[in-house]
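Step one of this worksheet: look at the structure below.
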Amino acid sequence: MQIAIDGPASAGKSTIAKLIAKNLGFVYCDTGAMYRTVTLLAKNNQVDYGNVSGILQLMDTHEIKFLNTDNGQRVLLDGQDVSGEIRSEVITNNVSQVSAIKEVREKLVDMQRDLANDTNIVMDGRDIGTTVLPDAEVKIFLIASVKVRAQRRYKENVERGINTPLSTLEDEIEARDYKDSHREISPLKKADDAIEVDTSDMTIEQVVQKVSEIVNSHK
């Protein structure tokens with residue numbers, strides 16, 4: 001069974017997808033982490049985020065691996081765990097540019113589909129239901145207001161020791177929404193057969209319950 005969870009930045013996709021996968025005993029794949037790792041690769045090698053050939057060359061010469069552990073998905077870059085590093089503010093603010101590169105998406109989509117073959121999987125991202133797993137049995141599109149998403153990001157940042165003003169985060173999230181939904185390749189878009197869930201006024205437990213009900217109705 002394939003479960004696709006899409007939606008804009010900080011709508012709660014990864015949190016919900018992880019919990020749903022754990023509850024069902026499914027494999028979890030955070031596709032955003034893949035794009036973030038490629039962005040980190042460019043940053044570490046001083047390659048411009050828009051340098052297509054430079055980034056593709058890095059992808060060909062460095063190893064990106066994903067491990068499912070009891071503590072969730074870990075991301076390894078050349079054997080080093082970069083799961084925390086890819087969540088930094090500089091990566092967050094530049095990942096849209098890397099994600100918009102057609103050839104990068106093609107390489108990563110192939111990886112994502114390979115992961116989904118012959119296994120029960122919950123995959124979250126921006127284009128899972130529309131592009132990566134168009135035949136997924138369950139498609140969820142999570143949304144939330146910009147204000148609520150900025151508050152969530154602010155709370156996450158404070159826990160990591162990052163102190164970005166709330167107003168700045170609201171501006172960054174709005175900018176990210178625009179980039180993600182207006183990019184030429186696989187823009188952020190709700191699949192025609194996806195069920196929209198607005199998480200603005202819901203607790204994590206309530207969202208998990210709602211999504212679980214949707215999943216159970218498709219079994």
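Here the side chain of Lys13 pairs a donor or acceptor atom with the backbone of Pro8 at under 3.5 angstrom. Judged purely by atom type and a 3.5 angstrom limit, Asp124 has no side-chain atom pairing as donor or acceptor with the backbone of Ala17. Between the Ser10 side chain and the Arg152 main chain, no donor and acceptor come within less than 3.5 Å of each other.
For His182, the ring-ring contact (aromatic ring centres under 6.0 Å, His included) partners are Tyr178, not counting sequence neighbours. Residues that satisfy the salt bridge (Lys or Arg N to Asp or Glu O under 4.0 Å) test with Arg36, not counting sequence neighbours, are absent from this structure. With sequence neighbours excluded, no residue forms a side chain to side chain contact (heavy atoms under 4.5 Å, CB included) with Asp110. By the salt bridge (Lys or Arg N to Asp or Glu O under 4.0 Å) test, Asp171 is found to be paired with no residue, residues two or more places apart in sequence or in another chain being considered. Looking at residues two or more places apart in sequence or on another chain, you find a salt bridge (Lys or Arg N to Asp or Glu O under 4.0 Å) between Asp60 and Lys107. Here Lys139 pairs with Asp193 under the salt bridge (Lys or Arg N to Asp or Glu O under 4.0 Å) rule; sequence neighbours left out.
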**OP:** Begin with the C-alpha distance, continue with both residues' side-chain angles, and end with the deciding distance and a verdict on side chain to side chain donor-acceptor pair (under 3.5 Å) for Asp180 and Ser96.
**Re:** CA-CA 7 Å; Asp180 287 345; Ser96 289; 3.1 Å; yes

**OP:** Take Lys190 and Asp6 through the side chain to side chain contact (heavy atoms under 4.5 Å, CB included) test and state the conclusion after the steps.
**Re:** CA-CA 7 Å; Lys190 179 185 165 191; Asp6 290 305; over 6 Å; no

**OP:** Show your working on salt bridge (Lys or Arg N to Asp or Glu O under 4.0 Å) between Arg176 and Glu172 and close with a plain yes or no.
**Re:** CA-CA 6 Å; Arg176 179 85 191 270; Glu172 287 175 358; over 6 Å; no

**OP:** Decide yes or no on side chain to side chain contact (heavy atoms under 4.5 Å, CB included) for Met34 and Leu115, but give the supporting numbers first.
**Re:** CA-CA 12 Å; Met34 295 182 171; Leu115 280 170; 3.6 Å; yes

**OP:** Check the pair Ser186 / Thr130 against side chain to side chain contact (heavy atoms under 4.5 Å, CB included), numbers first and verdict last.
**Re:** CA-CA 8 Å; Ser186 293; Thr130 53; 5.8 Å; no

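Listed by first and then second residue, the ring pair (Phe, Tyr, Trp, His ring centres under 6.0 Å) pairs that reach into residues 54-109 come to none, sequence neighbours excluded. The side chain to side chain donor-acceptor pair (under 3.5 Å) analysis of residues 44-59, with sequence neighbours excluded, yields the pairs Asn51-Ser53.
Summarising the geometry of Thr199 relative to Ala144, their closest heavy-atom pair is OG1-CB, 3.5 Å, with the distance given to 0.1 Å.
Under the 4.0 Å criterion applied to side-chain N and carboxylate O atoms, Lys189 and Asp177 are not assigned as salt-bridge partners. A salt bridge links Asp127 with Arg105: the distance from a Lys NZ or Arg NE/NH1/NH2 to an Asp or Glu carboxylate oxygen falls below 4.0 Å.
Within a 6.0 Å sphere centred on CG of Asn216, other residues, nucleotides and ligands contribute more than 12 heavy atoms.
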Atom pairs and distances, side-chain donor-acceptor, residues 154-169, under 3.5 Å, sequence neighbours left out:
from: Thr164; atom 1: OG1; to: Glu89; atom 2: OE1; distance (Å): 3.0
from: Thr164; atom 1: OG1; to: Glu89; atom 2: OE2; distance (Å): 3.2

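By the 4.5 Å side-chain criterion applied to Ile, Leu, Val, Met, Phe, Trp and Tyr, Ile140 is assigned to a cluster that also includes Met1, Ile3, Ile5, Ile16, Leu19, Ile20, Leu24, Phe26, Val122, Val138, Leu142, Ile195, Val197, Met202, Ile204, Val207, Val208, Val211, Ile214, Val215. Members clustered with Val146: Ile173, by chain and number, using a 4.5 Å side-chain heavy-atom cutoff among hydrophobic residues. Cluster partners of Leu188 are Phe141, Ile143, counting Ile, Leu, Val, Met, Phe, Trp and Tyr whose side-chain heavy atoms approach within less than 4.5 Å, directly or via other members.
Residues Tyr35 and Leu56 fall within the same hydrophobic cluster, defined by Ile, Leu, Val, Met, Phe, Trp and Tyr side chains chained together at heavy-atom separations under 4.5 Å.
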